[in-house]
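Reading through the structure tokens given below for one structure.
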Amino acid sequence: MKGKLEPSERQKLIEEGKNLKEGLVSLEENLLKLTDQLQQEAQCIPNTTHPDVPIGGEDCSIIRKMVGSPREFSFPVKDHLELGKQLDIFDFDAAAEVSGSKFYYLKNAAVTLELGLINWTLSEVMKRGFTPLITPEIVRSTVVEKCGFQPRGENTQVYSIEGSDQCLIGTAEIPVGGIHMDSILSESSLPVKYVAYSHCFRTEAGAAGAATRGLYRVHQFSKVEMFIFCRPEESESYHEELIRIEEDLFSSLGLHFKTLDMASADLGAPAYRKFDVEAWMPGLGRYGEISSASNCTDYQSRRLGIRYRPQEPVPSTLKKGKGNLAPTQFVHTLNATACAVPRMIVCLLENYQQEDGSVIIPEPLRPFMGGLDLISPTSA
């Protein structure tokens with residue numbers, strides 16, 4: 001085009017340039033669609049699995065530890081629903097009218113019990129070097145996806161907000177995981193440990209039956225979550241630390257529970273290895289999950305873009321500069337439930353019930369409940 005050209009030849013090249021430009025726009029649109037499709041397919045690929053994880057369904061999970069023994073009762077045991085009615089601390093009927101099934105009002109002593117559990121748990125975990133957080137409870141759907149959850153689809157557990165790219169969180173793991181999104185952490189700052197309080201919202205799609213009655217499986221609840229960002233070589237030791245903290249918390253409340261090394265089919269997409277805690281619930285007549293601790297290795301950090309730069313010494317023969325910095329690496333992320341409030345309330349009511357329908361408050365919680373040591377039935 002810069003040289004001398006016949007007008008007809010120049011016009012021909014101009015037309016060819018226009019066609020190339022239009023073709024490029026079309027190719028770029030197709031590339032965006034294909035990139036999005038590739039991302040959607042890639043998100044369906046789960047994390048790798050720890051070599052010691054039992055292969056198979058939930059029944060193949062292995063018991064790591066059994067703590068305590070079931071309490072023996074000299075009177076007929078009530079479940080938490082019957083106890084709650086006598087103690088006047090729940091209202092499921094009014095909540096069903098106002099919000100629908102699997103919602104509830106907490107009343108009277110149940111309110112101080114929830115707040116006591118939250119404050120006691122935060123206090124105990126903060127003693128172990130965790131920074132407290134209260135998180136946003138609405139996040140972008142892209143962050144949900146990057147943490148390994150599926151916000152769309154028939155059996156999604158995620159509530160999406162219509163007309164927006166936002167969702168309600170199902171766990172504080174999601175906003176805490178995103179707090180350092182697209183950043184490079186200094187190695188000296190690791191590990192970064194958070195303990196986060198939030199409300200959680202879950203659709204509980206497909207959940208039904210007597211085992212999910214009452215507070216055991218609900219759409220909205222309060223939870224205290226632990227989260228760690230660390231160097232890759234340290235994630236397995238921090239996984240053990242998280243399960244020890246959970247065991248210490250539940251032991252100090254006098255609960256009988258078992259910890260399990262969960263089988264591969266029960267891990268979910270992000271988890272490399274997952275330990276669950278199941279506590280004995282005498283009113284339900286079975287063990288119920290109250291907590292889990294997961295090592296997600298770099299599954300979430302790759303998607304969220306969270307790296308750190310190792311502090312490798314630069315050889316004295318080389319000039320220090322950007323080119324001499326050690327390459328960045330992805331951090332590992334871990335999460336664990338410190339207290340899922342409704343299930344803890346189920347455990348405490350059913351395990352500490354007395355023959356007259358009253359419920360003893362475990363000693364560690366009493367200072368966080370204004371000194372209350374007993375919840376007594378209301379007079380008719």
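FYI, the numbering just counts along the sequence from 1.
A salt bridge links E240 to R64: at least one charged side-chain nitrogen sits closer than 4.0 Å to a carboxylate oxygen. Salt bridge annotation for R213-D79: present, with a cationic side-chain nitrogen under 4.0 angstrom from a carboxylate oxygen.
Not less than 6.0 angstrom separates the ring centroid of F221 from the ring centroid of H199.
In this structure, S291 contributes its side chain and V277 its backbone to no donor-acceptor pair below 3.5 Å. Under a 3.5 Å cut-off, the side chain of R140 and the backbone N or O of Q166 do not form any donor-acceptor pair.
Between atom CG of residue L253 and atom CD of residue E363 there is a gap of 11.5 Å, rounded to the nearest 0.5 Å. The CD atom of E225 sits 10.0 Å away from atom CD1 of I174, with the distance rounded to the nearest 0.5 Å. Rounded to the nearest 0.5 angstrom, R202 CZ and L168 CG are separated by 12.5 Å. Once rounded to the nearest 0.5 Å, the distance linking CG of D261 with CG of D266 reads 11.0 Å. The distance from the OG atom of S294 to the CG atom of L334 is 8.5 Å, given to the nearest 0.5 Å. Atom CE of M281 is separated from atom CD1 of I290 by 6.5 Å, given to the nearest 0.5 angstrom.
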Extract all donor-acceptor atom pairs below 3.5 Å that involve side chains of residues 89-101 and protein atoms in other chains or at least two apart in sequence.
| from | atom 1 | to | atom 2 | distance (Å) |
| --- | --- | --- | --- | --- |
| D91 | OD1 | D93 | N | 3.3 |
| D91 | OD1 | A94 | N | 2.9 |

Validation: residues 20-37 side-chain donor-acceptor distances under 3.5 Å, sequence neighbours left out:
| from | atom 1 | to | atom 2 | distance (Å) |
| --- | --- | --- | --- | --- |
| N30 | ND2 | S26 | O | 3.4 |
| T35 | OG1 | L31 | O | 2.7 |

Side-chain atoms of residues 116-127: list all donor-acceptor pairs with protein atoms under 3.5 Å, sequence neighbours left out, distances to 0.1 Å.
| from | atom 1 | to | atom 2 | distance (Å) |
| --- | --- | --- | --- | --- |
| N119 | ND2 | L115 | O | 3.1 |
| T121 | OG1 | L117 | O | 2.7 |
| E124 | OE2 | K127 | NZ | 2.9 |

Distance-only donor-acceptor pairs under 3.5 Å for side chains of residues 364-373, two or more places apart:
| from | atom 1 | to | atom 2 | distance (Å) |
| --- | --- | --- | --- | --- |
| R366 | NE | I361 | O | 2.8 |
| R366 | NH2 | I361 | O | 3.0 |

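By the neighbour-count criterion of 12 heavy atoms within 6.0 Å, atom CG of L374 is densely surrounded, having more than that number from other residues, nucleotides or ligands. Heavy atoms from other residues, nucleotides or ligands lying under 6.0 Å from CD of E233 number more than 12. Within a 6.0 Å sphere centred on NZ of K85, heavy atoms belonging to other residues, nucleotides or ligands number 12 at most. Shown here is K107, whose NZ atom has more than 12 heavy atoms of other residues, nucleotides or ligands within 6.0 Å.
Hydrophobic clustering places V331 together with L133 (ILVMFWY residues linked when any side-chain heavy atoms are closer than 4.5 Å, directly or through intermediates). Note: the hydrophobic cluster containing F201 does not contain V341 (ILVMFWY, side chain heavy atoms under 4.5 Å, direct or indirect links). Linking ILVMFWY side-chain heavy atoms closer than 4.5 Å, directly or via other members, places V224 and I134 in a single hydrophobic cluster.
Residue pairs satisfying the ring-ring contact (aromatic ring centres under 6.0 Å, His included) criterion with at least one member in residues 65-88, sequence neighbours excluded, are listed as follows: F73-F75. Listed by first then second residue, pairs satisfying ring-ring contact (aromatic ring centres under 6.0 Å, His included) with a partner in residues 14-35 number zero, not counting sequence neighbours. Screening residues 35-70 for ring-ring contact (aromatic ring centres under 6.0 Å, His included), with sequence neighbours left out, gives H50-Y272. Identified under the salt bridge (Lys or Arg N to Asp or Glu O under 4.0 Å) test for residues 170-187, with sequence neighbours left out: E187-R231. Sorted pairs that involve residues 332-367 and meet ring-ring contact (aromatic ring centres under 6.0 Å, His included), not counting sequence neighbours, are lacking altogether. Here salt bridge (Lys or Arg N to Asp or Glu O under 4.0 Å) pairs that include residues 241-252, with residues two or more places apart or in two chains, are K65-E247, R128-D248, K193-E241.
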Query - CA sep, side-chain torsions, deciding dist, call: V176, T135, side chain to side chain contact (heavy atoms under 4.5 Å, CB included) - result: CA-CA 7 Å; V176 180; T135 72; 3.8 Å; yes

Requested in this report: Given side chain to side chain contact (heavy atoms under 4.5 Å, CB included), test R273 with T49 step by step and report yes or no.
Outcome: CA-CA 6 Å; R273 193 176 195 182; T49 305; over 6 Å; no

**Report entry** Step-by-step ring-ring contact (aromatic ring centres under 6.0 Å, His included) determination, Y105 to F103
**Finding:** CA-CA 7 Å; Y105 285 96; F103 287 94; 9.9 Å; no

Query - side chain to side chain contact (heavy atoms under 4.5 Å, CB included) between S358 and I360, intermediate numbers included - result: CA-CA 7 Å; S358 62; I360 293 172; 5.8 Å; no

Report task. Output, in order, the C-alpha distance, side-chain angles, deciding distance and verdict of side chain to side chain contact (heavy atoms under 4.5 Å, CB included) for F275 and S292. Result -> CA-CA 6 Å; F275 302 143; S292 68; over 6 Å; no

Query raised in the report: Where do T333 and Q300 land on the side-chain hydrogen bond (donor to acceptor under 3.5 Å, both in side chains) test, with the steps shown first?
Result: CA-CA 7 Å; T333 63; Q300 295 173 327; 2.8 Å; yes

Query raised in the report: Between S141 and D165, is a side-chain hydrogen bond (donor to acceptor under 3.5 Å, both in side chains) present by the stated rule, with each step listed?
Result: CA-CA 6 Å; S141 58; D165 69 338; 5.3 Å; no

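The two residues P342 and Y104 come nearest to each other via the heavy atoms CG-OH, 3.8 Å. Nearest approach of P270 to N47, heavy atoms of both residues: O-ND2, 2.9 Å. Nearest heavy-atom pair, C200 versus T171, reported as atom, atom and distance to 0.1 Å: SG-CA, 3.8 Å. Among all heavy-atom pairs drawn from L106 and V111, the shortest one is O-CG2, 3.5 Å. Here the closest non-hydrogen pair linking N335 and F227 is CB-CD1, 3.8 Å. Taking each heavy atom of E350 and L284 in turn, the nearest pair found is OE1-N, 3.2 Å.
Grouping Ile, Leu, Val, Met, Phe, Trp and Tyr by side-chain contacts under 4.5 Å, direct or through others, puts L267 with V53, I63, M66, L260, M262, W280, Y287.
Using a 4.5 Å heavy-atom cutoff, the side chains of C167 and I161 are not in contact. Two residues are said to be in side-chain contact when any heavy atoms from C-beta on lie closer than 4.5 Å; Y216 and R343 meet this criterion. Contact of the S301 side chain with the D298 side chain is registered, since non-hydrogen atoms from C-beta on lie closer than 4.5 Å. Using a 4.5 Å heavy-atom threshold, the side chains of K258 and V67 count as separate. For the pair V144/V139, a side-chain contact is recorded, criterion being any heavy-atom separation below 4.5 Å from C-beta on. Taking 4.5 Å as the limit, every side-chain heavy atom of R309 sits out of range of all side-chain heavy atoms of S186.
Partners of S74 under the side chain to side chain donor-acceptor pair (under 3.5 Å) rule, at least two apart in sequence or in another chain, do not exist in this structure.
In this pair, H219 and Y159 present their aromatic rings perpendicular. The plane angle is above 60°, beyond the 30 to 60° band.
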